[in-house]
Trainee: 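Please see the structure below; I have some questions.
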Amino acid sequence: MNNFKWPDPPSVDKYSVCVHCGLCLQACPTYLETGNEAQSPRGRVDLIKAVSEGRMAINESFIDPVFRCLDCRACETACPSGVQVGTLIEEARGQIRQAEPLTGFKGMVSSVFLKGIFPNPGRLKALGTLTRLYQKSGMRKLVRGTGAMRLLPRHLQDMERVMPEVSARTSREVLPPLVPAIGEKRGSVGLILGCVMDVLYADINLATARVLARNGFDVMVPQAQTCCGALQVHAGERPTAKLMARQNIDAFLEAGVDYIIINAAGCGATLKEYEDLMQSDQEYAHKAGQFVAKVRDIAEFLVEVGYEAPKGRVDVKVTYHDACHLAHAQKVRTQPRQLLHSIPGVELIEMRDSDVCCGSAGIYNLTHPDMAEPILDKKMANVPPEAEILVMGNPGCMMQMSVGVHRKAMDQEVVHTISLMDRAYEAEKRSGA
Amino acid sequence: MNQEQLVAELKNIVGLKEVIHKPDDLIAYECDGFTIVRARPRAVVFPNNTDHVAAVVKLLHNNRIPFIPRGAGTGLSGGATPINGEVLISLVKMNRLLSVDFKNRTAVVEPGHVNLKLTNAIAHEGYYYAPDPSSGMSCTIGGNVGENAGGPHCLKYGVTSNHVLGVEMVLPDGEIVTLGGTVPDMPGYDVTGLIVGSEGTMGIVTKIFVRILKKPQGVKTIVALYDSVDDASQTVSAIIAEGIIPGALEMMDRVAIEGVEAGNYPVGYPKDLAAVLIIELDGLTVGMEAMAEQIVDICTQFHVREVRVAQTDQERTLWWANRKTAFGAMGRISPDYMVQDGVIPRSRLPEVLQRISDISVESGLRIANVFHAGDGNLHPLILFNAANPGETELAVRVGSEVLQVCADVGGSITGEHGVGIEKQRDMIKIFTPEEIAAQVEVMRVFNPHNLCNPDKLFPKPSRCVEVKRAAHTH
Ligand SMILES: Cc1cc2nc3c(=O)[nH]c(=O)nc-3n(C[C@H](O)[C@H](O)[C@H](O)COP(=O)(O)OP(=O)(O)OC[C@H]3O[C@@H](n4cnc5c(N)ncnc54)[C@H](O)[C@@H]3O)c2cc1C
Ligand code: SF4
Ligand code: SF4
């Protein structure tokens, strides 16, 4: 009867919480774009229920809505019943992946990136090195000059243009296993380096370590850690994700740190949901709980334990974008704003609908450009023109918003919250304050 | 006309992408907020303007294919459920705010415009749209017209019909008519008034002329916590008896409080509370302080455990968010629930609540009560578990018994959610067969072939008679 036949299916306990009230509709970017109930939170939950009850097969009418979901969790904020739409979608994707292995471009993206590269820091670094080589060697000029880029899908073209300059070394290579606390030691934290952050935004990891040390924490960087598995979970590659989760749990529990710090919203949400992911793993379910209890987003952490406001000035007008996985999944909204307000010289101008998805959603912008584009357009239209910097706490959003800035020929800088904090602390050092 | 031809013709009118027709693509359209009855529509179309609607309706009319207008599908009585394999005409893409006239305090919206968005769009000028159903963040103004929706503030400001000045409508044969307009009153019959609350059985509203109001100068929100439902009910009566008309006067009982406290917006109400009253004063700031004190006094007379005036906007917003998500929050404490929507004379509140409580005990089903207490509109939420054999049927029966209680004390079986399919049979609790037949006659003037949202609203037997008669005359 139940057409979810594999381990970890969406459970009755989770979908029966939905009372079909529809209060989630207007929160959902894909519903707003299509007007189609099947592309709404309650529609998706309804379809999951239909498959569970054997009223529907796992076919295109099911797969499309389930994969078109951004997993942005805006519906969870809106839902009075507390339906875990995100988890249901992830579990449904897991079932679909096992029912129907991917083919075509999406399949290529999935197997190369999700199974091959991301779980493997060595390969990820190799990819980074290649990208750097490409950016530095004149290849980039050649490719852009000859128009070879036109062979790529439009979104990849834009992405190529806004890709940050890959630094020579990953943060994993630069950071020592221990960055000692500055001043009186208040505790020790483990830093999750992530995958994209580690390679493309290594400087953000370095900034995070500096800010933590500046506030009295020993920063440990366990070498055995790996990518968190968020992209895999979102894509339904649960077995791969579980292997990665085990590795991280071991690495950080062995390090014996007080907290585990993450600066990428998507990763943070996944790390905090390791218990859900590992629920059917007898050996790791409990350890996952211990791990999760220590995980904090960097902004959440600083506000929770208290931090010393920077004395250096950064005179700039900024606007803040609430990454879905910070605002909706982790309920971290006020803390990043508090950090920004504490930097002398920073003026925060709120943007309309700051917590509506930018369309990045992991690799969604690659798999569903038709939907990601209009969603990004709406986002960019809400950026207050006087803002000079777009601040946010997630690398995926940073890439996506950079694409937006590039497309609209705007000139804002896209910056991580913690990098701005770091700038202020650096300014403080320079001024000798 | 077979399905293939139908789909091709529909696509011809509204565009290739605006028709959903594959059987499995239609599953999400099997029901609205009333989930007990499900049925698959023949197709869903998304018109973008009135001409689209008229052309679609003409096509369906000429081929005698039944159809239903659908807004956001938050209806709680199954008004938009396609029980006869109808074509659903979804109005969600006709969602524009066409014009606002601040001077004359009117606005014109398309039917798919979301209720709360109208207020958001005019708030910067200090105006708002008064009807405020708790589903306001999602439901459409077209759907509000369909159901004559109310809300917490309708005690003082009235329901949708008090705010709709006119409509543009596509009749069930495809003709476009305009009834009323932006002028407050038109000579002749109040046909607009007839359309509001007709649950999509008279035609499809494609444009709505509404009244907008200036925001009141001040608001004061008071919350009062009680150890007995009786005391809370007495307070409600006493406030009204004093001649005070609050902007809103809402009540929740113990089970309802348990639900909202488990929901997304817990206030932190004590666990052993029997009832909560939310009393909101709005209007001129002069005298408001004194009136608030008077209310606090009345609460105290009826043994209130604690009574507080909101000190900040955040506090007030939280109280309302907590109250407004009451239906949805029931999902936290029960796998299924059925919302009832009875109206009673306010003075009978304590007695009716006692009888509802008896029904709950007898049936073994928990009932949470949320009410617009000020105007005697009750929402008993019957909690059940559809997975237990027979429990759905039991819940339906309990719902009907509750409505019988409302009818017995001289009330009504629906305050604002409509009859739909949920309460068709309950219509006989308050109308004689002759009265129902008369209403069917009126419906027939607009919808002679029974194509526009057929078989809703009226109980079946009378409908059979009417359909037979229609067959003779045409
Ligand atoms: C959590 C929750 C809280 C609620 N709170 C309230 C409340 O406080 N007060 C209240 O009154 N209701 C309330 N409701 C019920 C519901 O939201 C209202 O009845 C609302 O008016 C329905 O609007 P909709 O756009 O969802 O319409 P739908 O459910 O899509 O349709 C409702 C009816 O209107 C008809 N209709 C829709 N559009 C048109 C049109 N353009 N022309 C003609 N007929 C049309 C349909 O055929 C159907 O019969 C609540 C519902 C929920 C789920
Ligand atoms: S997901 Fe939540 S908000 Fe959406 S229909 Fe279900 S219960 Fe209502
Ligand atoms: S996660 Fe985002 S896209 Fe997916 S259903 Fe919820 S609101 Fe819609």
Side-chain angles (χ1 to χ4, degrees), chain A residues 3 12-28 31-53 55-66 74-84 328 331 334 352-353 370, chain B residues 17-18 20 22-35 38 44 46 70-76 88 90-95 112 114 116-117 134-139 259-260 262-265 321-322 324-337 339 385-387:
Chain A
N3 284 329
V12 184
D13 293 349
K14 287 207 193 83
Y15 61 71
S16 69
V17 178
C18 173
V19 294
H20 216 75
C21 65
L23 294 192
C24 51
L25 294 175
Q26 292 293 317
C28 176
Y31 175 76
L32 290 179
E33 212 45 56
T34 60
N36 183 348
E37 277 278 347
Q39 304 287 357
S40 80
R42 82 166 164 184
R44 292 183 170 116
V45 174
D46 200 40
L47 296 184
I48 287 171
K49 192 173 171 191
V51 172
S52 249
E53 292 173 352
R55 289 184 281 121
M56 183 182 196
I58 296 185
N59 57 23
E60 198 45 38
S61 303
F62 181 67
I63 297 173
D64 184 60
V66 167
C75 46
E76 295 188 7
T77 298
C79 172
S81 287
V83 177
Q84 292 173 273
H328 301 300
K331 316 281 179 225
T334 54
R352 196 155 30 100
D353 294 339
D370 57 326
Chain B
K17 285 192 170 164
E18 309 300 341
I20 297 176
K22 278 196 285 175
D24 280 358
D25 286 348
L26 295 165
I27 290 178
Y29 284 93
E30 285 180 343
C31 65
D32 54 16
F34 174 72
T35 54
R38 298 183 69 115
V44 184
F46 296 91
R70 178 180 159 115
T74 66
L76 291 169
L88 286 179
S90 168
L91 297 147
V92 295
K93 292 199 175 170
M94 288 176 62
N95 60 5
V114 169
L116 196 60
K117 293 208 167 163
S134 302
S135 51
M137 65 201 267
S138 288
C139 66
V260 291
N264 259 358
Y265 302 97
N322 173 281
K324 287 216 166 189
T325 47
F327 294 178
M330 291 306 137
R332 289 274 171 105
I333 60 168
S334 173
D336 299 278
Y337 75 91
V339 185
N385 184 352

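So you know, we letter chains A, B, ... as the sequences are listed, proteins then strands, and number each from 1.
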Trainee: Write down the atom of A:Pro80, the atom of B:Gly328, and the distance for their closest heavy-atom approach.
Mentor: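 That closest heavy-atom pairing would be CG-CA, 3.6 Å.
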Trainee: Heavy-atom distance under 4.5 Å to chain B: side chain of A:Leu47, backbone, both or neither?
Mentor: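 Only the side chain of A:Leu47 comes within 4.5 Å of chain B.
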Trainee: Set out, in order, the CA-CA distance, both residues' side-chain angles and the distance that settles side chain to side chain contact (heavy atoms under 4.5 Å, CB included) for A:Asp46 and B:Arg38, then state yes or no.
Mentor: CA-CA 12 Å; A:Asp46 200 40; B:Arg38 298 183 69 115; 2.8 Å; yes
Trainee: Between B:Lys117 and chain A, which part of the residue has a heavy atom less than 4.5 Å away: side chain, backbone, both or neither?
Mentor: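 The answer is the side chain of B:Lys117.
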Trainee: Give, as side chain, backbone, both or neither, the part of B:Ser135 having an atom under 4.5 angstrom from any heavy atom of chain A.
Mentor: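 Both the backbone and the side chain of B:Ser135 come within 4.5 Å of chain A.
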Trainee: Sort A:Ala38 into side chain, backbone, both or neither according to what part of it lies under 4.5 angstrom from a heavy atom of chain B.
Mentor: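 When you check distances to chain B, atoms from both the backbone and side chain of A:Ala38 fall under 4.5 Å.
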Trainee: So for B:Asp25, is it side chain, backbone, both, or neither that comes closer than 4.5 Å to the heavy atoms of chain A?
Mentor: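 Its backbone and side chain both get close to chain A.
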Trainee: Against chain A, label B:Phe34 side chain, backbone, both or neither, depending on which of its atoms sit under 4.5 Å from a heavy atom there.
Mentor: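 B:Phe34 has no heavy atom closer than 4.5 Å to chain A.
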Trainee: May I ask you to decide if A:Glu37's main-chain N or O and B:Tyr29's side chain share a donor-acceptor pair within less than 3.5 Å?
Mentor: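 Flag set: sc B:Tyr29 to bb A:Glu37 pair under 3.5 Å.
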Trainee: Quick one: closest heavy-atom pair of A:Gln26 and B:Val114, and the distance?
Mentor: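 Here A:Gln26 and B:Val114 meet closest at NE2-CG2, 3.2 Å.
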Trainee: Give, as side chain, backbone, both or neither, the part of B:Cys139 having an atom under 4.5 angstrom from any heavy atom of chain A.
Mentor: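 Nothing of B:Cys139, per the 4.5 Å heavy-atom cut-off to chain A.
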Trainee: Rounded to the nearest 0.5 Å, what separates atom CZ in A:Arg55 from atom CD1 in B:Ile27?
Mentor: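 Taking CZ in A:Arg55 and CD1 in B:Ile27, the distance rounds to 6.5 Å.
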Trainee: Find the one option among A:Val17, A:Leu25, A:Leu23 whose heavy-atom pairs under 4.5 Å with chain B are most numerous.
Mentor: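 The answer is A:Leu23.
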Trainee: Is B:Glu18 close to chain A through its backbone or its side chain, or both, or neither, when contacts mean heavy atoms under 4.5 Å?
Mentor: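 Contact with chain A involves no heavy atom of B:Glu18 at all.
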Trainee: Please say which of B:Ile20, B:Val92, B:Val44 ends up in a side chain to side chain contact (heavy atoms under 4.5 Å, CB included) with A:Asn36.
Mentor: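 So, applying the side chain to side chain contact (heavy atoms under 4.5 Å, CB included) to A:Asn36 and each of B:Ile20, B:Val92, B:Val44, only B:Ile20 qualifies.
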Trainee: When you measure from the side chain of B:Asn264 to the backbone of A:Cys79, do you find a donor-acceptor pair of N or O atoms at a distance under 3.5 Å?
Mentor: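 Present.
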Trainee: Could you grab the distance from atom OG1 of B:Thr35 to atom CZ of A:Arg42, nearest 0.5 Å is fine?
Mentor: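 Answer rounded to 0.5 Å: 10.0 Å.
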Trainee: Which answer fits A:Ala27, side chain, backbone, both or neither, if we ask what part of it has an atom under 4.5 Å from a heavy atom of chain B?
Mentor: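 Contact with chain B: none, neither part.
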Trainee: Heavy atoms only: give me the nearest A:Gly43-B:Ala28 pair and the separation to one decimal.
Mentor: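 Scanning both residues completely, I find the closest heavy atoms to be CA-CB, 4.2 Å.
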Trainee: In terms of heavy-atom proximity below 4.5 Å to chain B, should A:Tyr31 be classed as side chain, backbone, both, or neither?
Mentor: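 Only the side chain of A:Tyr31 comes within 4.5 Å of chain B.
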Trainee: Any non-hydrogen side-chain atom of B:Tyr337 less than 4.5 Å from a side-chain atom of A:Val19?
Mentor: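 When only atoms from C-beta onward are counted, A:Val19 and B:Tyr337 do touch, with a gap below 4.5 Å.
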Trainee: Go through the atoms of B:Asn95 and report whether side chain, backbone, both or neither lie under 4.5 Å from a heavy atom of chain A.
Mentor: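 Neither part; nothing is under 4.5 Å.
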Trainee: Start with the C-alpha gap between B:Asp24 and A:Phe62, add the side-chain angles, then the distance that decides, and say whether side chain to side chain contact (heavy atoms under 4.5 Å, CB included) holds.
Mentor: CA-CA 8 Å; B:Asp24 280 358; A:Phe62 181 67; over 6 Å; no
Trainee: Look at the side chain of B:Ser138 and the backbone N and O of A:Gly22, then say whether any donor-acceptor pair between them is shorter than 3.5 Å.
Mentor: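 Yes.
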Trainee: Determine whether A:Cys21 and B:Thr74 make a side-chain contact, defined as any pair of heavy atoms from C-beta on separated by less than 4.5 Å.
Mentor: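 No, too far: nothing below the 4.5 Å cut-off.
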Trainee: Select one option (side chain, backbone, both, neither) describing which atoms of A:Ser40 are under 4.5 Å from chain B's heavy atoms.
Mentor: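 When you check distances to chain B, no heavy atom of A:Ser40 falls under 4.5 Å.
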